[in-house]
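Encoded as structure tokens, the structure appears first; notes follow it.
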There are 2 protein chains.
Amino acid sequence: MELRQLRSLVALEESGFNVTAAAQRLHLVQSAVSQHLTRLEDELGTELFMRQGKRLTGLTEAGRQVLYYARKTLADCDNILAIGREHVEEATGTLRIATTHTQAVYVLPPLIREFRQRYPQVKLEIQQGTPEQLVEMALHDQVDFSVCTEAVKEIPGITAVTCYRWNRSLIAPLGHPALTAKPFSLGEICDYPLITYVFGFSGASQFRNSFARLGLEPDVVLSAVDTDVIKTYVREGLGLGLIASLAYSDTHDADLGRRDLSGLFPWELTRVVYKSDKYLRKYEEVFIDLLQTRIADDGKYVEGS
Amino acid sequence: MELRQLRSLVALEESGFNVTAAAQRLHLVQSAVSQHLTRLEDELGTELFMRQGKRLTGLTEAGRQVLYYARKTLADCDNILAIGREHVEEATGTLRIATTHTQAVYVLPPLIREFRQRYPQVKLEIQQGTPEQLVEMALHDQVDFSVCTEAVKEIPGITAVTCYRWNRSLIAPLGHPALTAKPFSLGEICDYPLITYVFGFSGASQFRNSFARLGLEPDVVLSAVDTDVIKTYVREGLGLGLIASLAYSDTHDADLGRRDLSGLFPWELTRVVYKSDKYLRKYEEVFIDLLQTRIADDGKYVEGS
DNA sequence: ACTCCTTACGGAGCACGTAACTATA
DNA sequence: TATAGTTACGTGCTCCGTAAGGAGT
């Protein structure tokens, strides 16, 4: 059995069982990939693919099982190559992160500044996606790790390390009564039209639960995936904004008042997730360490020790 | 990077860094293995081996890391081949089990009889070892799984499934007062010289703890790894035997009396352990299922449903 | 007619074995 | 001197690419 054959198998599946496309992905000609696949089938002695005539249409049960282990095998080979790179030049490479818009814009910048000072030779790639996509990207080796705000279920094969916690703030145009009214509780919030994150983003499910537990139903007139959209419509006067505190900027959002609501909602946890069997390069560990040590409860950057 | 190179790396380590021996293990000549290793080093761009002149003496840090992932890679390749075999001929192959003497002699026979009826084409290999060795054998792919009586610590990468529980009995020559005396407790047991398992075997640590918790110190005059040795010396009149109940045979041990002690000691758990990422063939699952369903609390075989 | 996969064939490269050389104990 | 590892070199295999042949849509 050869690694090439496994690579062709994986590429085939990722190309929708189009051998030609798989070959292109691998920078080979079709016939080469075709040979890999038939050789693999021959060697295992069993059909891996469903066929309609000559066309491949999907995997058999055996094929699915083999694919699973083929992915694992190739991932470990990648890990070995990463070890090589790590020991050749510890401080060069590419760091690929996936996260949500809000994290990318409001949390990562100072961390990345510090990281780049320490590792000027490491290139950075920041992908964005929904919380579900973030986990998928980490699982499929499209990124080195993902920074997830939504609580990640325990997924086998995925390691999740908690980095920092955060809570919510209310934002409104300056002078809005909700900014100063006392007492203030979830009940009062429901008196106003609200703008917050769409379901699935930034702990929106915990958010809903907080109200539901008290039998309240918030009047969310608009929801968005990223904080900038929320702010925009708060400025328009469409309603109160409920955002992650860390997404409020003293300088850029001076025209908006902010009221901390940490007492009203449970704390949310931001986690870094990556495949459990992934080899972590030094600079990857350093970046995760920054995520764990540099973010205060209010989302502010804390100078390094 | 090629699988051959990884195989050579693993073989080298398992041969005590003797390239010649590694080559023999792989049915290759030295020079081939030598090339694999240098190629691997070249490709990774870093030294994997400690050297004294030309001789290899050990691994560098990078080498250790690479070895770890090389083992994983090769294990997954083996899994792929196993999937092939499974789908070619579901009912043929080899089942390699490791366990202790007592399990092999007193528990497995009826299971193996039933298993062989169902899978007459599957060859069986039973290895023996100390509880520590059993886990090692499963980890190093020397066996498909191990049947462990000693409580297995949670080891990452190892899956342990509980199969059955067992407890202890006292054995003594017929007519011995300890067989019938009432009341009977750990205290009374300490009045007699005892013969039982050596530390590390068959829950010996729990055994010690049971006494220690009451401030008692049993007078163990002889300890052995397997039950047959214990029985032999009980027959000699050297002392009372404390054995796993499942190791007492009504037919062969009719000259010895038995007294159940389940009330005096905690129940021990017998577990099957195997590498978490191991692909389980159908007949392997069947065997584990037999272990889980066919053994009663007294160690007797329960007819299939 | 077009796309897609397989099979046949040829060349280039490489992996393994033999063997000579070098270094360690 | 015996043992162990590296390097050099030749052979045979195999892997990839070109190209022709079926098979499906």
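On a predicted model such as this, the values are computed, not experimentally measured, just so you know.
- With respect to A:Arg64 and A:Glu61, a salt bridge is recorded, a charged nitrogen being found less than 4.0 Å from a carboxylate O.
- Rounded to a whole Å, the CZ atom of B:Arg7 is 15 Å from the C1' atom of C:dC16.
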Polar pairs (N or O, both sides) under 3.5 Å between protein and nucleotides 5-8 of chain C?
| residue | atom | partner | partner atom | Å |
| --- | --- | --- | --- | --- |
| C:dC5 | OP1 | A:Val19 | N | 2.9 |
| C:dC5 | OP2 | A:Val19 | N | 3.3 |
| C:dC5 | OP2 | A:Thr20 | N | 3.0 |
| C:dC5 | OP2 | A:Thr20 | OG1 | 2.7 |
| C:dC5 | O3' | A:Lys54 | O | 3.1 |
| C:dT6 | OP2 | A:Ser34 | OG | 2.0 |

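- Every residue meeting the side-chain hydrogen bond (donor to acceptor under 3.5 Å, both in side chains) condition with B:Arg281, not counting sequence neighbours, appears here in chain and number order: B:Glu86.
- Helix bend of the helix from C:dA1-D:dT25 to C:dA25-D:dT1: the angle between its two end axes, each built from five pairs, comes to 30° after rounding to 10°.
- Chain A approaches DNA chain D within less than 4.0 angstrom (heavy atoms of the protein), and the contacting nucleotides run 5' to 3' from D:dC15 to D:dT25.
- Under the side-chain hydrogen bond (donor to acceptor under 3.5 Å, both in side chains) criterion, A:Thr60 pairs with no residue, sequence neighbours left out.
- Considering only residues two or more places apart in sequence or on other chains, B:Thr162 meets the side chain to side chain contact (heavy atoms under 4.5 Å, CB included) condition with B:Leu269, B:Arg271.
- Residues passing the ring pair (Phe, Tyr, Trp, His ring centres under 6.0 Å) test with A:Phe115 are A:Tyr119, A:Phe287, sequence neighbours excluded.
- The stretch residues 17-30 of chain A participates, sequence neighbours left out, in these salt bridge (charged side-chain N to carboxylate O under 4.0 Å, His left out) pairs: A:Glu14-A:Arg25.
- Considering only residues two or more places apart in sequence or on other chains, A:Tyr279 meets the side-chain hydrogen bond (donor to acceptor under 3.5 Å, both in side chains) condition with B:Gln65.
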Taking only distance into account, with no hydrogens and no angle test, what donor-acceptor pairs under 3.5 Å do side-chain atoms of residues 122-129 of chain A form with protein atoms, sequence neighbours excluded?
none

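- In this structure, B:Met1 places its CE atom 17 Å from C1' of C:dC14, rounding to the nearest Å.
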Using atom types as modelled, flag every donor-acceptor pair under 3.5 Å from a side chain in residues 48-58 of chain A to any protein atom, sequence neighbours excluded.
| residue | atom | partner | partner atom | Å |
| --- | --- | --- | --- | --- |
| A:Arg51 | NH1 | A:Glu41 | OE2 | 3.2 |
| A:Arg51 | NH2 | A:Glu41 | OE1 | 2.8 |
| A:Thr57 | OG1 | A:Met50 | O | 3.2 |

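- Qualifying side-chain hydrogen bond (donor to acceptor under 3.5 Å, both in side chains) partners for B:Arg96, counting only residues two or more places apart in sequence or in other chains: B:Asp144.
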